[in-house]
Amino acid sequence: MFKNVFGSGFLVRTAHVILTWVITLILFLHDTDLRKQEETGELTLPILFVLLVLVSVLLYFAVSLMDPGFVLSDECDLQFTLGIAEETQDMIPQTTKSIRLRRCGHCLQPMRSKHCQTCQHCVRRYDHHCPWIENCVGERNHRWFVLYLAVQLVVLLWGLYMAWSGFSHAPTWQLWLRTNGVLLGAAAVVAVLSLTVLLLLGSHLYLVSLNTTTWEFMSRHRISYLKHCGADENPFDRGTLRNLWGFFCVWEPVVWEHVYFKQGNDPI
């Protein structure tokens, strides 16, 4: 289920963890509200902040090391992912035309999957390959990726507020920069990351509410099962509430061929 922690992306993950804890340390070393409460013995908020940072780091590793939904090559897995196992045959309406299965150089691809050139694997319900986590975002880790973004955004905004509380006054700009330079640099990094994570989280929640993926949204004109659809037509859209419920609360793999044909689309 999880990849080797020392495999591809080790340097990226190490840099992420080091940056996270260095900024946390800076917030505690300067005269921020965190340090003031720690010095007065009010440890509730400092402990909560550290625990939230720890949760964000653990979620980062979980998402980056988790199997995103690689399409396995064994026969049983292929039958299941293609929706032609005995227990799922009756779920797909019989048609006069045959379904054209998507192929890559390595495996048969079920609907909504894609072969990632970076990972060299086909991924079910492929969303995108994220260089930040050095892993694909797909069927098995997409909801965890969104959860990670939400937790990370809370940590960053909280850290930005704490950094702001730590700036001290000085009679001149030169003295102010000398006193607050390190904290200012940390705040600038946190501000840029906050904006990035906010945009990522907003875009993913929007796409999830439509039951589409980043890959499908950006490349629908090149995807065989979407390019014949209208600009505003999404064969997988089951309504906002059902889309959100299915994404966050339904853990079983979905046979997307069944959803596609149930919408009344012509088979491809």
Side-chain angles (χ1 to χ4, degrees), residues 5-66 118 127-135 137 141 144-208 214:
V5 68
F6 296 106
S8 175
F10 173 72
L11 292 179
V12 174
R13 298 183 187 107
T14 301
H16 175 90
V17 173
I18 291 176
L19 180 63
T20 298
W21 291 112
V22 165
I23 292 178
T24 302
L25 183 62
I26 291 174
L27 294 177
F28 275 95
L29 290 178
H30 284 74
D31 196 24
T32 62
D33 287 348
L34 288 174
R35 181 173 180 178
K36 292 175 183 177
Q37 293 188 19
E38 181 187 9
E39 290 176 344
T40 58
E42 300 177 8
L43 300 178
T44 302
L45 287 182
I47 290 176
L48 284 177
F49 182 78
V50 172
L51 288 178
L52 196 60
V53 172
L54 180 60
V55 169
S56 74
V57 172
L58 292 177
L59 281 173
Y60 172 80
F61 273 100
V63 173
S64 64
L65 299 177
M66 185 181 295
T118 304
D127 188 87
H128 72 289
H129 183 89
C130 180
W132 188 356
I133 64 174
E134 273 298 316
N135 194 12
V137 176
N141 68 345
W144 293 107
F145 181 73
V146 172
L147 177 61
Y148 161 69
L149 290 178
V151 173
Q152 186 68 70
L153 181 61
V154 173
V155 172
L156 289 169
L157 293 178
W158 194 355
L160 189 61
Y161 172 77
M162 289 301 166
W164 180 265
S165 70
F167 290 123
S168 58
H169 298 285
T172 63
W173 276 106
Q174 292 81 0
L175 183 59
W176 187 91
L177 286 175
R178 191 178 306 123
T179 305
N180 301 287
V182 175
L183 188 60
L184 179 63
V189 172
V190 172
V192 171
L193 291 177
S194 298
L195 180 60
T196 303
V197 173
L198 177 62
L199 293 175
L200 278 173
L201 180 61
S203 63
H204 276 275
L205 289 176
Y206 171 73
L207 294 177
V208 166
T214 302

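Computation of the quantities below employed the complete heavy-atom set of this structure, encompassing side-chain atoms and omitting hydrogens, waters and symmetry-equivalent molecules.
Among residue pairs with one or both ends in residues 36-51, those qualifying as salt bridge (Lys or Arg N to Asp or Glu O under 4.0 Å) are Arg35-Glu39; sequence neighbours excluded.
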Without placing hydrogens or testing angles, list every side-chain donor-acceptor pair under 3.5 Å for residues 178-206, not counting sequence neighbours.
from: Thr179; atom 1: OG1; to: Leu175; atom 2: O; distance (Å): 2.8
from: Asn180; atom 1: OD1; to: Ser168; atom 2: N; distance (Å): 3.0
from: Asn180; atom 1: OD1; to: Ser168; atom 2: OG; distance (Å): 3.3
from: Asn180; atom 1: ND2; to: Ser168; atom 2: O; distance (Å): 3.1
from: Asn180; atom 1: ND2; to: Trp176; atom 2: O; distance (Å): 3.0
from: Ser194; atom 1: OG; to: Val190; atom 2: O; distance (Å): 2.7
from: Thr196; atom 1: OG1; to: Val192; atom 2: O; distance (Å): 2.9
from: Ser203; atom 1: OG; to: Leu199; atom 2: O; distance (Å): 3.1
from: Ser203; atom 1: OG; to: Leu200; atom 2: O; distance (Å): 2.8
from: His204; atom 1: ND1; to: His142; atom 2: NE2; distance (Å): 3.2

Indicate every side-chain donor-acceptor pair of residues 45-52 with a distance under 3.5 Å to a residue at least two apart or in another chain.
none

Side chains of residues 14-23: which donor-acceptor pairs under 3.5 Å do they make with residues two or more places apart or in other chains?
from: Thr14; atom 1: OG1; to: Phe10; atom 2: O; distance (Å): 2.7
from: His16; atom 1: ND1; to: Trp132; atom 2: NE1; distance (Å): 3.2
from: Thr20; atom 1: OG1; to: His16; atom 2: O; distance (Å): 2.8

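Thr32 places no side-chain N or O within 3.5 Å of a backbone atom of Met162 that could act as its donor or acceptor partner. Between the side chain of Asn141 and the backbone N or O of Ser64 there is no donor-acceptor pair closer than 3.5 Å.
From Asn135, atom CG reaches atom OH of Tyr60 across 10.0 Å, with rounding to the nearest 0.5 Å. Atom CG of residue Leu27 and atom CG of residue Asp33 lie 10.5 Å apart, to the nearest 0.5 angstrom.
When the side chain to side chain contact (heavy atoms under 4.5 Å, CB included) test is applied to Leu59, the partners found at least two apart in sequence or on another chain are Val55, Trp144, Leu147, Tyr148, Val151. Partners of Asp127 according to the side chain to side chain donor-acceptor pair (under 3.5 Å) rule, which considers only residues two or more places apart in sequence or in another chain, are Thr214.
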